[in-house]
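Note that the structure is a prediction, hence the values are computed from the model and not measured. Lettering follows sequence order; numbering is per chain, from 1.
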There are 2 protein chains.
Amino acid sequence: MSTPMYRQIAEDLRAQIESGELKPGQQMRTEIELRDHYAASRNTVRDAIKLLTTVGLVETRPGQGTFVVKKINPSVTILNTDPLTSPGGDITNGIGDPEESEVVSTAPQVEIQQASDNVATHLNIARGTEVVSRHQARTVKGIPWSLQTSFYPMDFVFKGATKLIEAQDIRAGAVRYLADTLQLRQVGYRDHILVRAPDATETSFFGLPADGRVGVFEISRTAYEENGWPMRLTVSVFPTDRNQFVVNVGELPDTSGVDPRFA
Amino acid sequence: MSTPMYRQIAEDLRAQIESGELKPGQQMRTEIELRDHYAASRNTVRDAIKLLTTVGLVETRPGQGTFVVKKINPSVTILNTDPLTSPGGDITNGIGDPEESEVVSTAPQVEIQQASDNVATHLNIARGTEVVSRHQARTVKGIPWSLQTSFYPMDFVFKGATKLIEAQDIRAGAVRYLADTLQLRQVGYRDHILVRAPDATETSFFGLPADGRVGVFEISRTAYEENGWPMRLTVSVFPTDRNQFVVNVGELPDTSGVDPRFA
DNA sequence: GGGTATTTGTCCGTATGTATT
DNA sequence: AAATACATACGGACAAATACC
């Protein structure tokens, strides 16, 4: 009997959930009932529940009880849409109902910053160089979907792309705008995908659990112009619990028939 | 003073870590010392530490103490290498030192299974249809890197691709083999990326913390032949704490200069 | 709105087990 | 073997959130 009691309790409850005995959304027995059932202390039962919470199987609501989590219908985003250069450096959404995506972006929050290590590396400039930062929050059907920040070399503004420092959406897209004003043609981009813990801002914006057990995708998209120089870095952040991504390579039948189902 | 004490303690420690006052790898003060320092109970201090561990900032070692985690040097994998069809459906590694990758694969574990919902959906066959499952574990320089399972329709074996059910590596790659024996030419693939909690097998193989706070990437690669039919599904699993992925779109300078640095 | 019962959240103190040095 | 440090487990008390009457 070397496995701790709270793990055994958690394993028992997990089995009930995965067997379907406890259904998604259903309320579980209260901590007191579980304490009696397993002949343990309430704190031990709470340890078991805590374990299930970090794995994402259950969720607790103060004053109400503990519930089996419902599967969230995930948002699926295609990372390499075919018209490479057109949609801007923005990551657009290919959600279930493509027509009614209802993607809403806040007005960009524009700042002049000194390039951090990360930004400097991706933009291939010296650390501390001034860059324009344009930050936006996006919601899909009212639920928070992404936080994204684009970085441009400050040079671009001096050379005439003054709209970059205006706190307004750039109509026709930033790609088009830079091509028109600076003859900077975007010919490709590279996405860098990682997962990390959310910071306080992200936790609050996405409504993630405060204990940080739900990670976020951080996708750094570096766009290049025709001479091979990076012209923009866009860092987008998405919660991992409701987002998936797709990459298409080669000739594929039709991009539609992907409906993600998994137990 | 509405924020709980254990959160305040965690916030204080977090600030010390992020300011560099506590360096990566360094041992923190013991629970007893922290209890005295913050005039709290040991359990409360433990709650604070537990919070920091779920965020991945610290790690506890029984009998030794609590330590600030060291940043793991991440493995970077390119999802869309240019010779699309050649490297097989396998996801190959583009780690820091490309020459000495030292990727070691175990002998495949071959099984005949009935297609699960997920497999059936991706392979576009009926649920319960028999499929060949080939499972492999991979290590890079001795550390566990990925678990991957490929699924092929059982048809392929009946039609002559009998090596699929042999528990040996298919030399020259499965793509080449299927092209040679069945005239099945792979013309592209689609990667589906998501993050979920690891199961017991994955936790043990990767040596992940038992509480499941480190998620895993699950990348489902569906390969298509020239008539647009799926010919293989490969599901690969990677821990999120030591893996990153790259997607290249359009014309890029050279794929080398990506060295990921982030605070 | 108020009051009460229910349920989870926080915090304490204590005891004992287990891993490491 | 002994000391140290974290892990598990218990029990109790009060706070905070929610639901219901």
Given DNA chain C, 5'-ward residue of the pair A/T66 and A/N43, judged by closest heavy atom: A/T66
side-chain N/O B/R46 vs D/dA7 OP1/OP2, d < 4.0 Å: yes
Pairing partner (Watson-Crick or G-U wobble, both distances under 3.5 angstrom) of C/dC12: D/dG11
Non-neighbouring partners of A/R29 that pass salt bridge (charged side-chain N to carboxylate O under 4.0 Å, His left out), sequence neighbours left out: none
Just the table, please: protein N/O against nucleotides 17-19 of chain D N/O, every pair under 3.5 Å.
from	atom 1	to	atom 2	distance (Å)
D/dT18	O3'	A/Q64	NE2	3.4

With sequence neighbours excluded, residues passing salt bridge (charged side-chain N to carboxylate O under 4.0 Å, His left out) with A/E59: A/R61
Under-4.0 Å side-chain N/O to phosphate OP1/OP2 contact, A/T60 with C/dT7: no
Closest to the B/R42 side chain, choosing from D/dC6, C/dC11, D/dA9: D/dC6
Contacts of type salt bridge (charged side-chain N to carboxylate O under 4.0 Å, His left out), residue B/E31, not counting sequence neighbours: B/R42, B/R46
Exceeds 12 heavy-atom contacts within 6.0 angstrom, atom CD of B/E111: yes
Side chain proximity check, B/F245 to B/N243, heavy atoms < 4.5 angstrom: yes
All pairs passing salt bridge (Lys or Arg N to Asp or Glu O under 4.0 Å) where residues 193-203 of chain A contributes a residue, at least two apart: A/R196-A/E202, A/R196-A/E218
Within residues 26-34 of chain B, residues whose heavy atoms come under 4.0 Å of DNA chain D: B/T30, B/E31
